[in-house]
Undergrad: 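If you scroll down you'll find the structure; I have some questions about it.
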Amino acid sequence: AQSVTQPDIHITVSEGASLELRCNYSYGATPYLFWYVQSPGQGLQLLLKYFSGDTLVQGIKGFEAEFKRSQSSFNLRKPSVHWSDAAEYFCAVGARDAGGTSYGKLTFGQGTILTVHP
Amino acid sequence: DGGITQSPKYLFRKEGQNVTLSCEQNLNHDAMYWYRQDPGQGLRLIYYSQIVNDFQKGDIAEGYSVSREKKESFPLTVTSAQKNPTAFYLCASSTGTSGSSDTQYFGPGTRLTVL
């Protein structure tokens with residue numbers, strides 16, 4: 001069974017500083033990987049996803065993530081954080097069936113809360 | 001606008017009562033999902049359905065029931081057998097198309113509080 005670990009429960013950065021949120025996964029084959037963001041009391045918004053190909057993935061709002069198979073990681077980065085980025089961020093891994101097709105059963109990490117200081 | 005709607009936004013229930021949470025999507029997606037979110041625990045899958053009239057249990061299905069009679073609707077009933085139902089419930093949908101990459105899109109959620 002797959003699993004996801006987000007080692008940092010809470011991260012605080014200053015506005016304009018760079019950001020890296022860590023995500024480590026466990027899965028027996030090549031995973032599907034996602035980053036979602038959630039504002040308080042809201043649903044989840046997709047930031048970016050990795051299915052195959054280029055291991056550096058660009059997303060919305062200036063975020064990017066890099067898939068590193070050797071480290072089983074999919075860390076999320078942003079070069080300059082804005083106050084509006086304060087939210088909770090979730091990494092998720094999706095399963096593939098025997099034919100390599102994804103079928104939507106996602107396993108989520110526990111989330112990382114991002115606080116941005118002015 | 002295409003999207004996923006959940007109602008109500010807030011729901012209060014007395015102990016021993018069943019309640020039904022609504023989830024509707026107009027994205028023409030085949031697959032739909034229900035998750036439960038508790039602080040510090042991420043999202044946990046309750047039930048999912050990949051096609052009308054079919055659904056499977058997720059990781060925490062005990063005390064919950066679902067139906068999928070229409071493609072666009074996937075209601076979740078929280079029964080009195082669910083010991084700790086107070087949580088934030090999220091519905092999601094995806095194309096579920098075989099042979100393609102699949103991405104889940106989420107509704108705004110329903111916060112259920114048991115009084």
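Scope of the values below: all heavy atoms of this structure, side chains included, with no hydrogens, waters or symmetry mates. Order of the sequence lines fixes the chain letters, A, B, ..., with proteins taken first and strands second; residue numbering starts at 1 for each chain.
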Undergrad: Write down the atom of F90(A), the atom of Q37(B), and the distance for their closest heavy-atom approach.
TA: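 Residues F90(A) and Q37(B), closest heavy atoms: CZ-NE2, 3.2 Å.
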Undergrad: Is the shortest side-chain heavy-atom distance between L106(A) and L45(B) below 4.5 Å?
TA: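 No. Closest side-chain heavy atoms not under 4.5 Å.
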Undergrad: If you take all heavy atoms of Q104(B) and Y36(A), which pair is closest and at what distance?
TA: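 Looking at all heavy atoms of both residues, the shortest contact is O-OH, 2.7 Å.
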Undergrad: For chain B, find its close neighbours in residues 108-118 of chain A: heavy-atom separation under 4.5 Å, sorted by number, or none.
TA: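 Residues of residues 108-118 of chain A touching chain B at under 4.5 Å: F108(A), G109(A), Q110(A).
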Undergrad: CG/D59(B) to OG1/T107(A) distance, rounded to the nearest 0.5 angstrom?
TA: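 Interatomic distance, D59(B) CG to T107(A) OG1, rounded to 0.5 Å: 6.5 Å.
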Undergrad: Between E88(A), Q38(A), Q45(A), which has the largest tally of heavy atom pairs under 4.5 Å with chain B?
TA: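 Heavy-atom pairs under 4.5 Å are most numerous for Q38(A).
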Undergrad: With a 4.5 angstrom heavy-atom cut-off, which part of I9(A) approaches chain B: side chain, backbone, both or neither?
TA: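 Neither the backbone nor the side chain of I9(A) comes within 4.5 Å of chain B.
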Undergrad: A quick test of your reading: do over 12 heavy atoms of other residues, nucleotides or ligands sit less than 6.0 Å from CD of Q58(A)?
TA: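 Above 12, so yes.
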Undergrad: Most heavy-atom pairs under 4.5 angstrom with chain A, which of C91(B), G40(B), P39(B)?
TA: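 Option with the greatest count: G40(B).
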Undergrad: For Y105(B) and K49(A), work out which heavy atoms get closest and say how close.
TA: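 Reported closest heavy-atom pair: OH-NZ, 4.5 Å.
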Undergrad: Quick check: do T103(B) and F51(A) have side-chain heavy atoms less than 4.5 Å from each other?
TA: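 Yes, their side chains come closer than 4.5 Å.
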Undergrad: For chain B, which residues from residues 10-18 of chain A have at least one heavy atom closer than 4.5 Å to it?
TA: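 Those residues of residues 10-18 of chain A which would need a heavy atom under 4.5 Å from chain B do not exist here.
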